[in-house]
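Notes for the one structure printed next.
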Amino acid sequence: MNQFTTILWDVDGTLLDFLYSQKYAITKCFRSIGREITEEQIQRYSKINDGYWKRLELGEVTKEQLFTGRFVELFHEYRIENIDVEAFAQEYQEALGSVFSYLDDSLEVCRTLQGRVRQYVVTNGATATQRGRLELSGLAAVMDDLFISEEVGVPKPYRAFFDYVMAHIEEKDKSRILIVGDSISSDIKGGIQAGIATCWYRPEGTAKDSVYRPDYEISDLHALFDILGVL
Ligand SMILES: [Mg+2]
């Protein structure tokens, strides 16, 4: 018997392979400034970017500071000068929204769940970028609605983000809502604080000790079928 009627899906690192899109976008933007980015620089960018998103979740930087600050920091480290960072950041966002790669046949998983549960996207990111990838991938079409932090005005894990989602979805009984995501600091922490059930997706299988304990842990999205009682 399935207790859940509603799934809130994280996108990056859960339904879509963010690192794939990121690598494509940063490589493309470096070429347009006449440079070839190295694998090491991509790794470094990824770290800097993760740091900025964590600081955004903590309210230490604004979204605007994140969009350009990560590149300012990268360029500074590698002594890359005379770049129009605003234009670079803009091109990066567009490139990021133009390619996608699924994790675990995620589209098929969501299609299988269609009609059995209501599904919504809850994602931190820029509206144009996230909508672009969700439309292209076909995921937008299987979702009942999309909640993107730029539109909501605050990111996960903030209570205000989840209050906004709760006000706009059909299910009002919190015990029937499950959030599925790969991030302890935004998805699991946010879900717990909002009083809904949480499912931590960790494909690498690496358990981390945290004060925020998810109700479920899965390493493959298909494992959700068991949790939801879908055969
Ligand atoms: Mg994620």
Side-chain angles (χ1 to χ4, degrees), residues 7-26 43 45-58 61 63 66-67 70 93 96-97 99-107 109-110 113 119-134 136-137 139-140 142-143 145-152 154-158 161-162 164-165 177-194 196-208 210 212-224 227:
I7 306 290
L8 306 183
W9 284 107
D10 170 52
V11 176
D12 291 319
T14 303
L15 293 174
L16 295 178
D17 184 348
F18 177 71
L19 296 178
Y20 174 89
S21 297
Q22 175 177 264
K23 183 172 183 170
Y24 167 84
I26 194 83
Q43 302 293 334
Y45 169 70
S46 191
K47 280 242 159 47
I48 293 171
N49 182 51
D50 285 350
Y52 267 87
W53 278 102
K54 286 274 179 300
R55 285 156 70 192
L56 182 79
E57 286 166 15
L58 294 169
V61 293
K63 194 184 66 213
L66 175 149
F67 281 137
R70 52 194 179 170
Q93 282 312 124
L96 194 62
V99 289
F100 67 90
S101 172
Y102 301 114
L103 288 171
D104 287 350
D105 286 335
S106 55
L107 181 61
V109 171
C110 292
L113 294 177
Q119 301 179 86
Y120 303 89
V121 149
V122 289
T123 181
N124 284 352
T127 302
T129 311
Q130 299 306 70
R131 280 195 185 272
R133 292 161 69 230
L134 290 164
L136 283 175
S137 63
L139 283 163
V142 299
M143 296 293 157
D145 207 346
L146 312 175
F147 298 102
I148 303 171
S149 64
E150 185 177 21
E151 291 169 0
V152 175
V154 280
K156 297 177 291 184
Y158 282 93
F161 178 93
F162 287 90
Y164 180 94
V165 171
I177 303 170
L178 178 70
I179 183 169
V180 183
D182 69 307
S183 167
I184 290 285
S185 63
S186 64
D187 306 314
I188 306 307
K189 179 182 176 184
I192 289 171
Q193 289 179 347
I196 62 175
T198 55
C199 177
W200 187 27
Y201 173 58
R202 47 180 186 87
E204 266 95 60
T206 45
K208 265 186 258 160
S210 167
Y212 300 103
R213 303 223 171 253
D215 298 296
Y216 303 93
E217 291 186 29
I218 58 174
S219 56
D220 186 306
L221 295 179
H222 295 87
L224 262 186
I227 295 170

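For reference, positions follow the sequence shown, starting with 1. Keep in mind that this is a model prediction, so the values were computed, not measured. When a ligand or atom number is given, it counts from 1 through the structure's own listing order. Side chains included, hydrogens not; waters and symmetry mates left out as well; all remaining heavy atoms used.
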> Out of the N/O/S atoms in Asp10, what is the name of the one closest to the Mg ion (ligand 1)?
Replying inline: OD2
> Taking just the N, O or S atoms of Asp12, which one is nearest to the Mg ion (ligand 1)?
Replying inline: O
> Side chains of Cys110 and Leu15: does their closest heavy-atom pair fall under 4.5 Å?
Replying inline: yes
> Do Tyr212 and Thr198 come within less than 4.5 Å of each other through their side chains, counting heavy atoms only?
Replying inline: no
> Taking atom types as modelled, is there a side-chain donor on Tyr201 or Asp104 under 3.5 Å from an acceptor on the other?
Replying inline: yes
>> Are the side chains of Leu56 and Asn124 in contact, using a 4.5 Å heavy-atom criterion?
In response: no
> Which single N/O/S atom of Asp182 lies at minimum distance from the Mg ion (ligand 1)?
Replying inline: OD1
